[in-house]
Amino acid sequence: MADTLSIVERSKLMSSVRTKDTNPEMLVRRYLHGQGFRYRLQDKQLPGKPDIVLTKHKTVIFIHGCFWHKHGPSCSKKARVPQSNTEFWEVKLASNVQRDRFVQDALQAAGWKVLVVWECELKRAHRGATLTRLTADILGNDEFWEAA
């Protein structure tokens with residue numbers, strides 16, 4: 001399937017994709033604030049500039065878009081590699097995944113608990129369970145994740 005947009009149009013569209021204050025990120029932030037958590041945003045002093053930093057709990061949270069961080073084909077249509085310019089996208093998305101692993105390893109080595117919330121986990125059908133588990137994990141109730 002050929003791209004229906006010109007190179008210039010596609011470039012403009014892709015450059016408009018937000019990297020912070022996305023809808024999934026805002027959902028998580030509002031929820032955490034409502035639960036009484038206080039946090040910092042995109043701390044440049046930490047590897048990977050985590051989306052949310054809960055210093056008191058020594059926890060960082062990344063809110064990953066399923067497409068950009070390659071959540072997998074079972075996730076949703078957004079997680080599939082585009083059919084045009086496939087080679088570029090495979091390399092780009094694979095490098096994102098590799099960088100994610102490197103950043104998470106570096107943060108864990110520095111003593112941080114690293115949590116990842118996927119965009120698809122915040123769909124209305126899964127949102128409540130995801131946010132409840134997130135709270136439990138921040139507070140150290142790891143057995144909650146296993147039971148759910």
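What you see below is based on every heavy atom in this structure, not just the backbone, and it leaves out hydrogens, waters and symmetry mates.
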Heavy atoms of other groups near R101 CZ, more than 12 under 6.0 Å: no
Determine the interplanar angle of the H57 and F37 rings, folded into 0 to 90°, and report it as parallel if under 30°, tilted if 30 to 60°, perpendicular if over 60°. perpendicular
Could you walk me through whether D105 and Q108 pass the side-chain contact (heavy atoms from CB on, under 4.5 Å) check? CA-CA 5 Å; D105 289 346; Q108 288 171 343; 4.0 Å; yes
Would you please test W112 and L54 for side-chain contact (heavy atoms from CB on, under 4.5 Å) and show each step? CA-CA 10 Å; W112 289 89; L54 297 128; over 6 Å; no
On a heavy-atom basis, the closest approach of V97 and H69 is CG2-O, 3.5 Å
Is a side-chain donor or acceptor of T130 paired with a backbone partner of L122 at a separation under 3.5 angstrom? no
Between R127 and L27, is a side-chain contact (heavy atoms from CB on, under 4.5 Å) present by the stated rule, with each step listed? CA-CA 9 Å; R127 187 179 303 159; L27 268 170; 3.7 Å; yes
Hydrogens and angles aside, do T55 and Y39 bring a side-chain donor and acceptor to less than 3.5 Å of each other? no
Are there over 12 heavy-atom neighbours, none belonging to F102, within less than 6.0 Å of that residue's CZ? no
Can you give me the closest heavy-atom contact between P50 and L107, atom names plus distance? CG-CD1, 4.2 Å
Euclidean distance, L115 CG relative to R133 CZ, rounded to 0.5 Å: 12.0 Å
Enter the distance from L134:CG to T59:OG1 here, rounded to the nearest 0.5 Å. 9.0 Å
Which atom names give the shortest non-hydrogen contact between E119 and P24, and what distance separates them? CG-CG, 4.1 Å
Check D137 against K113 and note the closest heavy-atom contact, atom names and distance. O-NZ, 2.6 Å
Would you say the ring centers of W118 and W68 fall short of 6.0 Å from each other? no
Atom CZ of R40 and atom CG of D51: how far apart are they, to the nearest 0.5 Å? 13.5 Å
Interatomic distance, CZ@R30 vs CG@L131, rounded to 0.5 Å, equals 11.5 Å
Quickly, which of V117, N96, D100 forms a side-chain contact (heavy atoms from CB on, under 4.5 Å) with H64? Name it, please. D100
